[in-house]
Number of protein chains: 2
Amino acid sequence: MRITRQRQAILDVLHETRNHPTVDWIFEQVRGRLPQVSLATVYRNLHQLTAAGMIQELSVGGGVCRFDADTSVHYHVRCLKCGRIDDLDLPTEEALMEAAHPRTPFRLLSHHVEFLGLCPKCDEAGHARTERK
Amino acid sequence: MRITRQRQAILDVLHETRNHPTVDWIFEQVRGRLPQVSLATVYRNLHQLTAAGMIQELSVGGGVCRFDADTSVHYHVRCLKCGRIDDLDLPTEEALMEAAHPRTPFRLLSHHVEFLGLCPKCDEAGHARTERK
DNA sequence: TTTGGTGCAAAGGCTTTGCAGAAAG
DNA sequence: CTTTCTGCAAAGCCTTTGCACCAAA
């Protein structure tokens with residue numbers, strides 16, 4: 001795979017955040033560095049980098065695709081209000097896989113845990129609104 | 001909320017499966033019973049039933065929306081090849097929430113565990129193809 | 001009758017693709 | 001040079017919405 005300016009910029013953007021951005025956000029960031037970049041290029045590269053194992057596509061709820069420069073197995077928190085997703089540095093629960101194996105005819109390869117809640121900003125906004133009314 | 005034939009049919013379909021179907025699949029099933037039903041109606045009702053807490057929308061990866069008549073907290077397995085999703089009757093890990101709380105500034109409300117793997121059919125197909133080549 | 005629900009078709013997002021020109025190796 | 005990548009624009013999903021008609025309660 002060739003190292004083009006576009007590809008490098010995408011990788012840079014991903015490595016500089018921990019929020020697991022959507023394609024749209026990545027596009028905006030890359031555009032700040034390479035103003036003529038196209039959305040199609042961002043999509044194509046994200047998929048190619050994913051296929052090459054250099055980044056991972058997050059298997060999370062909430063609709064749109066999200067990407068992560070950290071390809072290790074780790075868990076996430078998603079804000080139900082603003083959709084932001086952060087890493088959660090929790091030891092990966094091998095016990096979960098062990099417990100799940102006997103319960104399904106599927107051949108299990110991996111797992112992912114997603115916590116749902118409110119990020120500090122959204123949580124505060126909610127309180128504020130409730131208290132003042 | 002009124003109990004229309006369409007709404008009842010959608011609920012019936014959901015209660016008769018454990019595969020956590022996509023909107024498209026639900027639509028086909030409902031259409032088998034009410035041939036003139038429209039896709040828009042299926043979408044509208046699925047969201048309304050979700051808002052009413054009578055079904056839940058699954059927070060899983062894989063792109064399209066999926067729905068589940070079981071509104072309790074429980075975990076799932078998804079086949080990486082065919083996308084099928086099944087219930088996994090695993091005791092809900094309260095310990096996970098306990099462990100996660102101190103690690104994030106988010107206010108955690110719930111969590112979901114998704115196991116990824118191959119369903120028996122896809123797994124077998126994969127073996128067969130590999131062995132024969 | 002009254003209100004909410006339905007079907008249809010059109011519109012909206014997000015994502016993918018075809019193609020000719022550009023650029024990395 | 002060759003091959004891959006890019007930008008653009010068009011097309012493709014999946015999902016939502018506006019509107020006039022229909023049907024529960």
Side-chain angles (χ1 to χ4, degrees), chain A residues 1-14 19-68 78 82-85, chain B residues 1-14 19-68 78 80-85:
Chain A
M1 198 193 313
R2 289 183 182 166
I3 297 167
T4 61
R5 262 165 306 139
Q6 292 85 339
R7 203 160 279 161
Q8 190 58 54
I10 291 168
L11 277 175
D12 289 347
V13 165
L14 276 176
N19 288 354
H20 311 301
T22 60
V23 176
D24 207 54
W25 189 89
I26 296 168
F27 176 56
E28 286 309 320
Q29 297 304 112
V30 173
R31 195 154 243 217
R33 303 169 194 207
L34 302 172
Q36 72 314 15
V37 81
S38 80
L39 185 55
T41 296
V42 174
Y43 271 103
R44 273 186 297 234
N45 279 317
L46 287 170
H47 288 138
Q48 239 172 298
L49 292 167
T50 300
M54 299 173 71
I55 62 174
Q56 69 174 317
E57 183 172 350
L58 286 194
S59 222
V60 294
V64 297
C65 294
R66 286 167 177 277
F67 293 85
D68 187 349
R78 170 156 60 98
C82 70
R84 169 179 157 193
I85 295 177
Chain B
M1 197 192 312
R2 288 183 185 167
I3 297 166
T4 62
R5 266 167 301 142
Q6 293 85 337
R7 203 160 280 163
Q8 190 58 55
I10 291 168
L11 276 175
D12 289 347
V13 165
L14 275 176
N19 288 352
H20 312 300
T22 59
V23 176
D24 206 56
W25 188 90
I26 296 167
F27 176 56
E28 287 308 319
Q29 297 305 111
V30 173
R31 193 153 245 218
R33 303 169 193 208
L34 302 172
Q36 70 317 15
V37 82
S38 79
L39 185 55
T41 296
V42 173
Y43 270 103
R44 273 186 295 234
N45 279 318
L46 286 170
H47 288 139
Q48 239 172 299
L49 292 168
T50 300
M54 300 174 71
I55 62 174
Q56 69 173 317
E57 183 172 349
L58 286 193
S59 220
V60 294
V64 296
C65 292
R66 286 166 177 278
F67 292 85
D68 187 347
R78 171 157 59 97
L80 289 167
K81 212 158 166 186
C82 70
R84 171 180 157 194
I85 295 177

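Computed from a predicted structure; not experimentally measured. Each chain gets a letter, A, B and so on, in the order its sequence line appears, and its residues count up from 1.
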Review point. Given atom CZ of B/Phe27 and atom P of C/dT6, what is their separation to the nearest angstrom?
Key: 13 Å
**Study point:** A/Arg5 side-chain proximity, nearest of C/dA23, C/dG7, D/dT15
**Key:** C/dA23
Exercise for review: Give one of base, sugar-phosphate or nothing for B/Gln48, where a contact means two heavy atoms less than 4.0 Å apart.
Suggested key: sugar-phosphate
Review point. Expressed in angstrom and rounded to an integer, what is the separation of B/Arg66 atom CZ from D/dC14 atom C1'?
Key: 13 Å
Review point. Do the side-chain N or O atoms of A/Thr4 get closer than 4.0 angstrom to the phosphate oxygens (OP1, OP2) of D/dT6?
Key: yes
Review point. Below 4.0 angstrom from OP1 or OP2 of C/dT6, is there any side-chain N or O of B/Arg7?
Key: yes
**Study point:** Length of the CZ-C1' vector between B/Arg31 and C/dT6, whole Å
**Key:** 13 Å
Review point. Contact class for A/Leu39 vs. all strands (heavy atom < 4.0 Å): base, sugar-phosphate, or nothing?
Key: base
Check your understanding: Of B/Ile10, B/Thr50, B/Asp68, which meets side chain to side chain contact (heavy atoms under 4.5 Å, CB included) against B/Ile55?
Key -> B/Thr50
Review point. Any idea which of D/dC14, D/dT6, D/dT17 is nearest the B/Ala40 side chain?
Key: D/dT17
Point to revise | A/Arg7 side chain to A/Asn45 backbone, donor-acceptor under 3.5 Å | key: no
Check your understanding: What nucleotide, of D/dT15, C/dT16, D/dG7, holds the atom closest to the side chain of A/Tyr43?
Key -> C/dT16
Practice item. Using modelled atom types only, decide if a donor and an acceptor are shared between the side chain of B/Arg66 and the backbone of B/His20 within a distance under 3.5 Å. Key: yes
Practice item. Look at the side chain of B/His47 and decide which nucleotide, out of C/dG7, D/dG7, D/dT15, has an atom nearest to it. Key: D/dT15
**Study point:** Spacing of A/Asn45 atom CG relative to D/dT6 atom C1', expressed in whole Å
**Key:** 9 Å
Review point. Would you say a side-chain N or O of B/Thr41 is under 4.0 Å from OP1 or OP2 of C/dG5?
Key: no
Check your understanding: Can you find a donor-acceptor pair, distance only, under 3.5 Å between B/Arg44 side chain and C/dG4 base?
Key -> no
Review point. Reckon A/Asp24 touches a base, only the sugar-phosphate, or nothing at all at heavy-atom distances under 4.0 Å?
Key: nothing
Practice item. Rounded to the nearest angstrom, tell me the gap between atom CD in B/Gln8 and atom C1' in D/dA25. Key: 16 Å
Point to revise | Residue A/Gln6, side-chain atoms from C-beta onward, closest of C/dT16, D/dT6, D/dG18 | key: D/dT6
Review point. Can a side chain N or O of B/Gln36 be found less than 4.0 Å away from OP1 or OP2 on C/dC8?
Key: no
Check your understanding: Is there a side-chain polar atom (N or O) of B/Arg2 under 4.0 Å from OP1 or OP2 of D/dA23?
Key -> no
